[in-house]
Amino acid sequence: MERCHERESIFPRALSAQGNLETLARSATMNANGEAAKAVPELLSPQNARLLLDSTEAFLFDCDGVIWKGDKLIDGVSETLDLLRSKGKKLVFVTNNSSKSRRQYAEKFNSLGIAVSEDEIFSSSFAAAMFLKVNDFPQEKKVYVIGGEGILEELQLAGFTGLGGPEDGKKTVELKSNCFFEHDKSVGAVVVGIDPYINYYKLQYGTLCIRENPGCLFIATNLDAVGHMTDLQEWPGAGCMVGAISSSTEKKPMVVGKPSTFMMDFLLQKYHINTSKMCMVGDRLDTDILFGQNAGCKTLLVLSGVTTQAILQDPSNKIQPDYYTSKLSDFLRIL
Amino acid sequence: MLSCSSHSSRATLSAFSHFLPTTSPYFNFSSLSPKTFSPTPLNFGWRAATAPKPRMASTFPARASAQPLQNADELIDSVETFIFDCDGVIWKGDSLIDGVPETLDMLRSRGKRLVFVTNNSTKSRKQYGKKFETLGLSVSEEEIFASSFAAAAYLKSINFPKDKKVYVIGEDGILKELELAGFEYLGGPEDGGKKIELKPGFLMEHDENVGAVVVGFDRYFNYYKIQYGTLCIRENPGCLFIATNRDAVTHLTDAQEWADGLKMSRQEFEFLGKSAMLGGGSMVGALAGSTQREPLVVGKPSTFMMDYLANKFGILKSQICMVGDRLDTDILFGQNGGCKTLLVLSGVTSLSMLQSPNNSIQPDFYTSKISDFLSLKAATV
């Protein structure tokens, strides 16, 4: 498999050998058939839903705002997923939330009464570890993590040594003019994701690694500004922590999560389906829908998360999904 | 060693900036007082923080290289006010730089106005006054302009309503200055102890009367504050997002002494990564990331403080000389403001950094330290 590590771009290209590289070259305004995209997304209806279902072999779902909000399942999701499985559709879950590992996400699904296996889940925590793997990150180097347990677990599974994570949320810094801040010189990469335990210590540690350790990588799991960490409101996302580190290091990160199609390659290794037979279902235009478009999938926006109809239809919005509907369970109602 | 490595892995802005709006739909310029202040361009902050340096220097015609200061008297006679950065110019860490008291006395005796401008927002001007006093310098509070003061002065200049509150992500200095200016604040170091539990049914409330969020260096930075500030900026109509400064890092200016003490070169010392500490830029970057908005910056290199001073003292910018040790804040501040600029090599910038092909910020003059004003005399005819 050829290795493409484009240093100019912050979005690593998918490494697929399955002819999907050409889909990446297409602009976001073309759909999977190479036609100019419909200017206006279609509201999901009995007619087009039937068509969509028949032409789709795999449904890719974002999680936050599509399946659940925080720890609360969105109405009708369980039945909808059962319906799709019963029709022989493959279900894949692609989430930018790096706080959990794939295994931890599988546990979350199971606790909400939905049977999903680990390898149907592609989290940005997994993507970060895979990025290091495919780029031959040396195992004697360490990885400093500003983010959740999920990233540490995926790193460990991939054979890497992680430092930091939630534990460093308890550390404080003495600011005296004669005090040094020590950091591990063998850190070769800093991975930044959503971190509710963000503090000065972690920002300082990550900054010094990136600025002072030669060749140290700066990897972002994703750039989402906010997300529904609880059911009632949005909370600052990885975009916030990445913004902090970007400002202090004056560098931009390599982004492994949506809309980068990096994760698509791992998906395709498992499901040998052409992306034109996939439908990406998400609640966010600049990550989910763009990810789907970049990879050549059909796209369906649900309004049960961060995007409202007003935002979708605002003249300043340039990202148009193929379809939109209020929530996933509309499939039940429509079909 | 300090910042050269940042150029090689710089990504194309177009890929990244797609996800960050370059103009804010929320910021309402008509709320600004037109009189005293030239606003920082909206794209100055977030993108500029990650764009190649220099920021605004490209809008000026290419400058000739900086001249070593030879005729100090000529420079002194040509200006009415000297603006000094503090760290690396007046003091290093907690010790005074050689010859500073005598130099300041000389300038005062020649009728020059002295002003001290620092991007540090952790202390109020009163607290800075104490630092000057401890070092044996007679400097009054009114001569000190920390970015904590700048934030309060900015709010005053736009007639920020007294019935609105200010949420502070920063330290005591900002709180003190807001109080002195008669504004009601929330937040500050106290919120550093607040924890949140991301559980179903949990909703963080925020005060709808917050009309401005001020962000600066904050050693007690945490998720609670980020969310509170984000909620105010996003949901309170017209809420301002103000940054005291966007300094990426601040360097220990006594690095040379440490290097000497450890018997290594300064480059080696800095290579060991002991010299860079976070500046306010990190906290501001976090809020810019979560709100997808760019802040109004009141500290250097924004010209707010320069405009404020010129207006307050009724002087022309051409009558001012900015003296500092950092090219991307002090010298750029002076250039943006249209005054003369003098770089001193007693702080974080070395001669090789000034003369490096990677650097395009050229001050009018450079010299080793401000006490050179005493030793450099015009050649006698």
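Here is the naming used below: chain letters follow the sequence lines, and residue numbers restart at 1 for every chain. For the numbers below, each heavy atom of this structure counts, side chains included, while hydrogens, waters and symmetry mates do not.
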- Message: Is it true that, when you exclude B:Glu208 itself, more than 12 heavy atoms of the residues, nucleotides or ligands shown sit nearer than 6.0 Å to its CD?
- Response: no

- Is the side chain of A:Asp231 donor-acceptor paired with the backbone N or O of B:Gly201 at a distance under 3.5 Å, no angle test? yes

- Item | B:Met283 side, atom CE; A:Cys240 side, atom SG - distance, nearest 0.5 Å | 11.0 Å

- Task: Answer yes or no: is there a donor N or O on one side and an acceptor on the other, between the side chain of B:Gln292 and the main chain of A:Ala225, under 3.5 Å?
- Result: no

- Item | Portion of A:Leu285 that has a non-hydrogen atom of chain B nearer than 4.5 angstrom | neither

- Query: Backbone N or O of B:Leu278 within a donor-acceptor pair of the A:Gln204 side chain at under 3.5 Å?
  - Reply: yes

- Using the side-chain contact (heavy atoms from CB on, under 4.5 Å) rule, take A:Leu232 and B:Phe202 through it: C-alpha gap first, then chi angles, then the decisive distance, then the call. CA-CA 7 Å; A:Leu232 293 177; B:Phe202 175 70; over 6 Å; no

- Item | Over 12 non-hydrogen atoms of neighbours within 6.0 angstrom of OH in A:Tyr201 | yes

- Note: B:Ser282 and A:Leu203 closest approach over all heavy atoms is OG-CD1, 3.6 Å

- Under 3.5 Å, is there a donor-acceptor pair between the side chain of B:Tyr223 and the main chain of A:Pro236? yes

- Message: Please determine whether the number of non-hydrogen atoms from other residues, nucleotides or ligands lying under 6.0 Å from atom CD of A:Glu167 exceeds 12.
- Response: no

- Query: CD/B:Gln227 to CD/A:Gln233 distance, rounded to the nearest 0.5 angstrom?
  - Reply: 5.0 Å

- Note on the structure: In terms of heavy-atom pairs under 4.5 Å with chain A, the winner among B:Leu231, B:Asp247, B:Val249 is B:Val249

- Query: Is it the backbone or the side chain of B:Lys195 that comes under 4.5 Å from a heavy atom of chain A, or both, or neither?
  - Reply: neither

- CG (B:Leu198) and CG (A:Asp71) are apart, to the nearest 0.5 Å, by 9.0 Å

- Message: Is it true that, when you exclude B:Glu235 itself, more than 12 heavy atoms of the residues, nucleotides or ligands shown sit nearer than 6.0 Å to its CD?
- Response: yes

- Message: Looking at A:Asn317, I want to see if its CG is surrounded by more than 12 non-hydrogen atoms of other residues, nucleotides or ligands under 6.0 Å.
- Response: yes

- Heavy-atom pairs under 4.5 Å with chain B, option from A:Ser316, A:Gly169, A:Pro196, A:Gly215 with the top count: A:Pro196

- Given side-chain contact (heavy atoms from CB on, under 4.5 Å), test B:Arg219 with A:Thr172 step by step and report yes or no. CA-CA 8 Å; B:Arg219 81 193 75 184; A:Thr172 55; over 6 Å; no

- Query: Where is the tightest heavy-atom contact between A:Ile198 and B:Ile226, given as atom of each residue plus distance?
  - Reply: CG2-CD1, 3.7 Å

- Item | Per-residue contact mode, A:Asp195 against chain B (heavy atom under 4.5 angstrom) | backbone

- Hey, mind stepping through A:Tyr200 and B:Phe217 against side-chain contact (heavy atoms from CB on, under 4.5 Å) and telling me if it holds? CA-CA 10 Å; A:Tyr200 181 85; B:Phe217 175 81; 3.3 Å; yes

- Beyond-backbone contact of A:Asn199 with B:Asn222, side-chain heavy atoms, under 4.5 angstrom: no

